[in-house]
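Encoded as structure tokens, the structure appears first; notes follow it.
For ligands, and for the atoms within them, numbers begin at 1 and follow the listed sequence. Quick caveat, the model's predicted, so the values are computed rather than measured.
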Amino acid sequence: MPFSFEIESTAGSARTGVFLTPHGPVETPAFMPVGTLATVKALDPDDLTAMGASMILANAYHLHLRPGDDVVREMGGLHRFMRWDGPILTDSGGFQVFSLAQLRTLSEDGVEFQSHIDGSKRFFTPELVMQIQRNLGSDVIMQFDHVIPGQSDEASARDASERSIRWLARCLAELNRLQNAPPALRLMRAEPDKTAVHLDYAPTRTGEFAAQPQHQALFPIVQGGIHGSLRREAAAAISSMHEWPGYAIGGLSVGEEKPAMYEMLDVVDDALPRTHPRYLMGVGFPEDLIEGVRRGVDLFDCVAPTRMGRNGAVFTHEGRLNIKRAEFRTDPRPLDIHCDCAACSRFTRAYIRHLFVADEILGLRLLSLHNVHFLLSLMRSAREAIRTETLEEWSREWLLRFRATSAIEV
Ligand SMILES: [Zn+2]
């Protein structure tokens, strides 16, 4: 099997494990840096490798609009296009269609919307979203789902959850059709581009230049808003439909209160099979990662570390700080004295503040580098705490220290 998940140790609902993909293993629990447009903003693949990232995320909606998933396929798929050899997960675009795009018309068939870039009319169906992700060639692909605001009432949440389950069945049927279809003749005959030899664009082992992936793991998404009974029903319906390689939990951290989110995670933790990885979508603040790990979540992603970095906000073991503040003007310390990232091991707060205030690109890069490293390293510590059966003490101490100062910073 090209995908497998092996649990190594457990502590309550939390566990460490290895999720194996055709592009290598992912040690879990893991944070996945987000490269929406096939780039983790301001970082290159060598940076990500150096800081220990295993799987990264890209977005089907954004890449479909720009440069076009056909372009990515032509260039040999996402791994080759962006020069990332590790595992890649693509988000289906459900969240973007329902949050970014304008003028939506929802029908059972799919969603018509206007591109947020040029206003052009688009129509996403579960089938098209599978074709897009097939063209991108990511390892893990997500179903197309109907995403609703965090505090939606039960009737709207039920409608969206049930539609997402019907769309899931269509996604699975389409993926099976695509995986069994012979590769396009044009691609079989394509010769490697001689001008690209210096980029090491050799043909694949099968001789296809722009080969399509043999295997992709389709993850269903458990929806249901903040309604426990809906979440339970969705988890039961999804897990009885097929043996999925993993499960995603969607529609959280979208405006609901934190206790409601943690309650839903408890519900889903009990309702989903423990044998497969669970991915909590779009959640990535340090405190949420720890609360998620404690509730049996294995994979996380969030744009927060890079987006916050671009606003001058920094995660540290003592809470959040904002580098813009005047107090850092002559501060000789690194961003975080407990961090060993490439920014903290060389540069002072004073220097990074200067770069940021002067709008220098290096400032944004160093802040992103530190924040992404911080979350990857947090997950390494969580794995260690699970293995050594110290998760409860470790997370209690960590959260106390982090929350004590975060409240007054930023
Ligand atoms: Zn650092």
Side-chain angles (χ1 to χ4, degrees), residues 27 29-35 39-57 84 86 283-290 293 300-385 394-395 397-410:
E27 275 192 69
F31 174 75
M32 303 182 283
V34 179
T39 163
V40 178
K41 289 191 196 303
L43 305 181
D44 97 3
D46 291 344
D47 298 323
L48 295 168
T49 303
M51 60 176 86
S54 49
M55 181 146 67
I56 64 167
L57 186 139
W84 172 254
V283 173
F285 285 103
E287 56 272 44
D288 296 337
L289 292 184
I290 292 177
V293 165
F300 303 85
D301 80 285
C302 191
V303 292
T306 42
R307 182 173 292 167
M308 287 176 56
R310 294 198 299 282
N311 293 321
V314 181
F315 295 134
T316 83
H317 285 77
E318 268 79 44
R320 269 165 243 167
L321 62 82
N322 198 307
I323 201 68
K324 278 180 285 192
R325 290 163 66 128
E327 66 188 274
F328 302 127
R329 211 162 60 89
T330 57
D331 193 329
R333 291 173 294 173
L335 292 172
D336 181 352
I337 53 167
H338 302 291
C339 179
D340 58 357
C341 82
C344 291
S345 54
R346 289 181 292 171
F347 302 108
T348 62
R349 290 179 178 179
Y351 178 61
I352 296 175
R353 177 182 185 276
H354 153 68
L355 294 176
F356 188 82
V357 171
D359 253 344
E360 282 294 334
I361 295 170
L362 181 60
L364 301 181
R365 180 175 145 69
L366 294 175
L367 291 169
S368 292
L369 208 130
H370 165 79
N371 279 346
V372 173
H373 181 279
F374 185 88
L375 295 184
L376 291 168
S377 136
L378 177 64
M379 288 295 92
R380 276 191 285 272
S381 304
R383 293 198 294 268
E384 189 55 28
W394 173 81
S395 56
E397 276 170 35
W398 205 100
L399 289 168
L400 258 178
R401 195 177 53 204
F402 189 78
R403 282 173 176 153
T405 42
S406 288
I408 49 167
E409 292 284 354
V410 182

Do W394 and I290 touch side chain to side chain, with heavy atoms closer than 4.5 Å? yes

When you compare the side chain of L362 with that of Y351, does any pair of heavy atoms fall below 4.5 Å? yes

What about F374 and H317, are their ring centers closer than 6.0 Å? yes

Quick check: closest heavy atoms across M55 and P33, and the distance to 0.1 Å? O-CD, 3.6 Å

Of the non-hydrogen atoms in N322 and N311, which two are nearest, and what is the gap between them? ND2-O, 3.4 Å

For the Zn ion (ligand 1), every protein N/O/S atom that sits closer than 2.8 Å, waters excluded: C339 SG, C341 SG, C344 SG, H370 ND1

Could you tell me whether D331 and R353 have a side-chain N and a carboxylate O separated by less than 4.0 Å? no

